[in-house]
Amino acid sequence: MSQKIQRPKGTQDVTPELSHAWKHLQDVAIHTLELANYKAIHTPIFEATSLFARGVGESTDIVNKEMYSFEKSDRSLTLRPEGTAGVVRAFVENKLSQHGLPQRLYYIGAMFRYERPQEGRQRQFHQIGAELIGLDTPAADAESILLAWQVLKALGISDLRLELNTVGDPDDRPRFREALQALLKPHFETLCADCQRRFEQNPIRMLDCKVPTCQTIYTSDAVEDFLQNFAWSPEASEAFEQLCHILSVNGVPFTVNRRMVRGLDYYSRTVFEFITDKLGAQGTVCGGGRYNGLIEELGGASTPAIGWAMGVERLFKLIEHPEAPALDAYIVTDCHAEAFAFAEHLREQGLKVEVDLSGRNFGKQLQAAGKRSARHVYTIGSQELESGVIPFKNFETGESSSLNFHFPNALTHRK
RNA sequence: GCGGUCGUCGCCAAGCGGUUAAGGCACCUGGUUGUGGUCCAGGCAUACGGGGGUUCGAUUCCCCUCGAUCGCCCCA
């Protein structure tokens with residue numbers, strides 16, 4: 001058994017039992033996206049490591065400890081840990097802005113993050129993402145969020161909460177950070193070790209801490225006041241209010257969560273997450289936000305954009321798994337040459353058809369048809385070749401009937 | 001990377017130091033000269049994730065390892 005090769009840790013096989021439901025999920029999502037005139041973009045599964053270092057951010061966990069990187073002839077390459085950086089790179093490289101803005105793009109595919117697997121978290125996982133590039137308006141934010149909501153609804157997932165926040169413009173971030181540090185400084189000694197580390201590295205993240213003693217500090221009136229009343233730029237605040245308005249008008253339930261932070265450096269202003277309580281600790285089913293600085297950072301003209309990504313595996317656990325379509329016809333036969341011709345005839349009509357290949361007696365073949373829950377069973381033996389009349393039976397109603405079929409070379413090529 | 005739990009056939013699952021390692025489902029083969037699955041008979045783990053140890057003896061005890069799972073971290 002030690003010889004047996006297993007799939008790598010944190011990866012999954014989608015076997016035929018599940019592959020239909022898997023395809024269904026993708027089909028529904030893609031259909032919804034395309035109805036909103038989003039167009040697919042396919043980018044490589046690996047990119048220059050520097051793309052993610054610059055795009056996602058040097059200080060993020062993703063870049064620091066989760067990348068699958070490898071060297072090839074002096075180049076450092078990395079399996080994409082997320083989709084936006086690659087899409088933006090492609091947008092810049094292919095000069096998609098020349099085709100007019102805004103650009104509405106979506107992608108779907110595998111992502112890779114070297115993490116300890118747990119429920120809803122794999123090392124290879126899949127994301128469906130949408131990017132709206134070229135606009136920095138509340139309406140654009142709303143379109144993006146509404147679109148995500150529509151995809152989720154189309155999948156039959158509505159038992160979710162949408163959390164929304166604004167993290168201001170890049171210029172505001174240091175201001176916010178310093179103000180927060182100043183506010184929490186007096187409590188530094190009582191904070192947990194993690195928070196003491198975060199204090200310098202990523203103070204905003206402290207607010208998410210699960211340690212009770214830390215939480216009592218972070219939920220104090222002083223901190224609460226600070227969060228509610230921190231003065232973002234007037235533009236950002238104004239835009240955020242309008243966005244909330246549009247979402248309300250469209251009946252999307254949301255809550256403003258001033259503590260929500262996102263792990264990628266490129267976010268600015270609007271950030272949001274759709275969260276479920278049904279998946280344990282990894283409840284974020286869709287996460288996104290605005291990234292106005294990213295395109296310029298990656299060498300393009302300064303262009304605002306917003307986008308999101310959904311975790312396919314997480315969605316998959318939340319949706320109903322539809323049955324695969326039934327087998328329309330089963331062909332019992334000992335004359336395969338002619339049976340294939342007839343099968344093709346049926347398939348041209350869009351029917352799902354299987355030809356029995358076993359060569360066993362017809363009784364056994366009939367049994368096989370029953371096990372497969374075939375709707376109709378056609379029998380093609382030497383008699384049928386001769387007469388050109390094919391008997392068939394509807395296995396759902398039990399009714400028998402027959403039809404005429406012109407076999408190619410039927411009379412000359414019988415076995 | 002850190003902690004907890006777990007690992008017996010494709011799936012569910014008994015056994016918990018000495019068993020031929022139950023059983024069910026699924027699957028396969030045959031019983032039926034050409035009209036159906038539910039019937040009957042049989043098959044289907046030289047083996048209990050892998051490796052090492054303790055023991056006269058280990059699926060049952062110990063260690064390591066691999067994997068799963070839950071949580072931390074973080075995110076989709």
Side-chain angles (χ1 to χ4, degrees), chain A residues 1-12 15-17 56 60-66 81-84 108-129 148 192-195 197-198 201-202 205 208-211 260-264 273-276 279-288 307-318 330-335 356 358 360-384 390-402:
Chain A
M1 285 319 205
S2 60
Q3 317 287 5
K4 199 185 274 179
I5 297 174
Q6 302 174 275
R7 60 175 177 263
K9 184 175 187 163
T11 62
Q12 282 191 318
T15 56
E17 288 179 293
V56 178
T60 62
D61 273 16
I62 289 179
V63 169
N64 276 322
K65 54 182 203 188
E66 296 176 4
E82 59 95 52
T84 300
I108 179 164
M111 307 292 162
F112 305 84
R113 256 119 97 157
Y114 187 81
E115 299 181 271
R116 185 78 168 262
Q118 67 185 75
E119 160 128 74
R121 175 202 281 169
Q122 280 84 347
R123 289 183 171 180
Q124 176 178 164
F125 61 105
H126 300 261
Q127 287 188 334
I128 299 169
C192 72
D194 280 334
C195 279
R197 175 179 55 77
R198 294 180 185 120
Q201 284 186 352
N202 198 346
R205 229 183 239 298
D208 253 357
C209 184
K210 309 293 190 293
V211 177
M260 185 175 70
V261 288
R262 314 241 47 240
L264 284 57
E273 286 182 14
F274 286 90
I275 303 167
T276 176
L279 291 178
Q282 311 301 328
T284 300
V285 146
C286 172
W308 47 257
M310 312 203 282
V312 175
E313 283 79 359
R314 292 182 186 179
L315 296 175
F316 194 71
K317 293 193 153 195
L318 296 176
Y330 195 82
I331 299 179
V332 167
T333 188
D334 56 3
C335 305
D356 192 301
S358 72
R360 293 186 295 173
N361 67 55
F362 284 11
K364 283 294 174 197
Q365 294 195 31
L366 259 355
Q367 270 185 23
K371 286 195 135 172
R372 267 152 250 234
S373 306
R375 278 203 231 278
H376 295 275
V377 174
Y378 296 81
T379 300
I380 299 177
S382 48
Q383 294 168 29
E384 287 71 30
I390 301 177
F392 65 90
K393 181 165 176 178
N394 182 326
F395 266 28
E396 287 169 345
T397 64
E399 288 170 39
S400 295
S401 187
S402 65

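Order of the sequence lines sets the chain letters (A, B, ...), proteins ahead of strands, with each chain counted from 1. Model, not experiment: these values are computed from the prediction.
To the nearest whole angstrom, the two P atoms, one in B/U55 and one in B/A68, are 35 Å apart. B/C48 and B/U20: their C1' atoms are spaced 15 Å apart (whole Å). As rounded to the nearest Å, B/A26 and B/A45 have C1' atoms that lie 16 Å from one another. A gap of 14 Å separates the C1' atoms of B/U59 and B/G50, to the nearest Å. Taking atom C1' in both B/C6 and B/A76, one finds a spacing of 27 Å when rounded to whole Å. Comparing B/U32 with B/G49, their P atoms sit 43 Å apart, to the nearest whole Å.
Regarding A/His376, its NE2 atom lies at a distance of 14 Å from the C1' atom of B/G36, rounded to whole Å. The distance between atom NZ of A/Lys371 and atom C1' of B/U29, rounded to the nearest whole Å, is 11 Å. Here B/G37 presents its P atom at 16 Å from CD of A/Glu396, a figure rounded to the nearest Å. Residue A/Ile275 contributes atom CD1, which lies 11 Å from atom P of B/A76 at whole-angstrom precision. Distance, A/Leu366 CG to B/U38 P: 13 Å, rounded to whole Å. In this structure, A/Gln365 places its CD atom 15 Å from C1' of B/G37, rounding to the nearest Å. We find that CD of A/Glu119 is positioned 17 Å from P of B/C73, with the value rounded to whole Å. Rounded to an integer number of Å, the gap from NZ of A/Lys364 to C1' of B/U29 is 8 Å.
Side-chain contact annotation: A/Gln124 with A/Thr11, donor-acceptor N/O pair under 3.5 Å absent.
Within the nucleic acid shown, A/Gly288 has no heavy atom closer than 4.0 Å to any nucleic acid atom. Base engagement by A/Glu384 is indicated by at least one non-hydrogen atom pair under 4.0 Å involving a base atom. Residue-level contact check: A/Gly398 touches the bases, meaning some heavy atom is under 4.0 Å from a base atom. A/Val285 comes within contact range of the sugar-phosphate backbone alone, with a heavy-atom separation under 4.0 Å but no base atom that close. As judged by a 4.0 angstrom heavy-atom cut-off over every strand, A/Gln6 is placed among residues touching the sugar-phosphate backbone only. Among the protein residues, A/Arg116 comes within range of the nucleic acid bases, having at least one heavy atom under 4.0 Å from a base atom. Heavy atoms of A/Ala309 sit under 4.0 angstrom from primed sugar atoms or phosphate atoms, though from no base atom.
The residue among A/Gly120 and A/Pro391 whose nearest nucleotide of RNA chain B lies closer to the 5′ end is A/Pro391. Along RNA chain B, the nucleotide nearest A/Ile380 and the nucleotide nearest A/Leu279 are compared for position; the residue whose nucleotide lies closer to the 5' end is A/Ile380.
Across all strands shown, nothing is found opposite B/G34 as a Watson-Crick or G-U wobble partner with both distances under 3.5 Å. Judged by Watson-Crick or G-U wobble contacts below 3.5 Å, the nucleotide B/C48 has no partner.
Contact annotation: A/Arg360 reaches the phosphate of B/U29 (side-chain N/O to OP1 or OP2, under 4.0 Å). Dashed line: the shortest gap from a side-chain N or O of A/Gln118 to OP1 or OP2 of B/G71 is under 4.0 Å. OP1 or OP2 of B/G34 lies within a sub-4.0 Å distance of a side-chain N or O belonging to A/Asn361.
Rounded to the nearest 0.5 angstrom, A/Arg375 CZ and A/Phe392 CZ are separated by 14.0 Å.
When the nucleotides B/A76, B/G34, B/C39 are ranked by their closest atom to the side chain of A/Glu115, B/A76 comes out on top. Side-chain atoms of A/Pro117 lie closest to B/A68 of the nucleotides B/C27, B/U35, B/A68. Relative to the side chain of A/Lys9, the nucleotides B/G36, B/A68, B/G34 differ in distance, and B/A68 lies closest.
Judged by distance alone, with hydrogens and angles left aside, A/Arg113 brings no side-chain donor or acceptor close enough to the base of B/C74 to form a pair under 3.5 Å.
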